Amino acid sequence: QVQLVESGGGLVQAGGSLRLSCASSVSFFGIDVMGWYRQAPGKERELVALIRSGHFINYADSVKGRFTISRDNAKNTVYLQMNGLKPEDTAAYYCAAKLRGVPVTTDDVDYWGRGTLVTVSS
């Protein structure tokens, strides 16, 4: 069973930066794709970014140019560097893992972290 633990959320001013971390209890050898999703109040959970062992990276249009996902296989940790934060980025951010293949929807995700809250003040 894969356990994912997020950290790094908090309160920042608009234009500021945060780096989220997600530590996996399982070696990335057994995980094909890691990703970040977010869910704002009253909204559906949405994809933020994906990264796989084959080095494919995908970003939601809303975060392109501002967020960067990276993966440290030695530490079994995935990161989300968030720059130029906007109030609309406020959400609970969830780490996700899919053991094989690329998740097409949130339902395709195999494991979820418990989430870390990011609040951006204007």
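Quick caveat: nothing in here was measured; it's all calculated off a predicted structure.
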Checklist line | Backbone of Phe28 reached by a side-chain donor or acceptor of Asn76 within 3.5 Å | finding: yes
Margin query: Quick one: does any side-chain atom of Thr90 pair with a main-chain N or O of Val120 as donor and acceptor, under 3.5 Å?
Written below: yes
So if you build clusters from Ile, Leu, Val, Met, Phe, Trp, Tyr with side-chain heavy-atom gaps below 4.5 Å, do [X] and [Y] land together?
{"X": "Val48", "Y": "Leu4", "answer": "yes"}
{"X": "Val102", "Y": "Val109", "answer": "yes"}
{"X": "Leu50", "Y": "Ile69", "answer": "no"}
{"X": "Tyr79", "Y": "Trp36", "answer": "no"}
{"X": "Phe67", "Y": "Ile57", "answer": "yes"}

Separation between [atom1] of [X] and [atom2] of [Y], rounded to the nearest 0.5 Å:
{"X": "Thr77", "Y": "Leu20", "atom1": "OG1", "atom2": "CG", "answer": "12.5 Å"}
{"X": "Ser122", "Y": "Lys86", "atom1": "OG", "atom2": "NZ", "answer": "13.5 Å"}
{"X": "Leu18", "Y": "Gln81", "atom1": "CG", "atom2": "CD", "answer": "8.5 Å"}
{"X": "Asp72", "Y": "Ser24", "atom1": "CG", "atom2": "OG", "answer": "12.0 Å"}
{"X": "Leu47", "Y": "Tyr59", "atom1": "CG", "atom2": "OH", "answer": "11.0 Å"}
{"X": "Met34", "Y": "Ile51", "atom1": "CE", "atom2": "CD1", "answer": "10.0 Å"}

Next item on the list: Show the numbers, then the answer: is there a side chain to side chain contact (heavy atoms under 4.5 Å, CB included) between Arg66 and Asp89?
Entry: CA-CA 11 Å; Arg66 298 188 297 120; Asp89 294 319; 2.7 Å; yes
Checklist line | Heavy-atom pair with the smallest gap, counting every atom of Gly101 and Val33 | finding: O-CG2, 3.2 Å
Next item on the list: Compare every heavy atom of Arg114 with every heavy atom of Glu6, then report the nearest pair and how far apart it is.
Entry: OE1-N, 3.0 Å
Check: What pairs with Phe29 under side-chain contact (heavy atoms from CB on, under 4.5 Å), at least two apart in sequence or on another chain?
Finding: Ser27
Note to self: According to side-chain contact (heavy atoms from CB on, under 4.5 Å), who are the partners of Thr105, at least two apart in sequence or on a separate chain?
What the structure shows: Asp107, Asp108
Going by an N to O cut-off under 4.0 Å, is there a salt bridge joining [X] and [Y]?
{"X": "Lys64", "Y": "Asp61", "result": "yes"}
{"X": "Arg52", "Y": "Asp32", "result": "yes"}
{"X": "Glu46", "Y": "Arg38", "result": "yes"}

Checklist line | Positive for side-chain contact (heavy atoms from CB on, under 4.5 Å) with Val78, one of Cys22, Ser70, Ser21 | finding: Cys22
Would you call [X] and [Y] a side-chain contact if the rule is heavy atoms closer than 4.5 Å?
{"X": "Val12", "Y": "Met82", "value": "no"}
{"X": "Val2", "Y": "Leu99", "value": "yes"}
{"X": "Ser25", "Y": "Gln1", "value": "no"}

Notebook entry, point to check: So which pairs with a foot in residues 93-122 pass ring-ring contact (aromatic ring centres under 6.0 Å, His included), sequence neighbours left out?
Noted result: Tyr37-Trp112
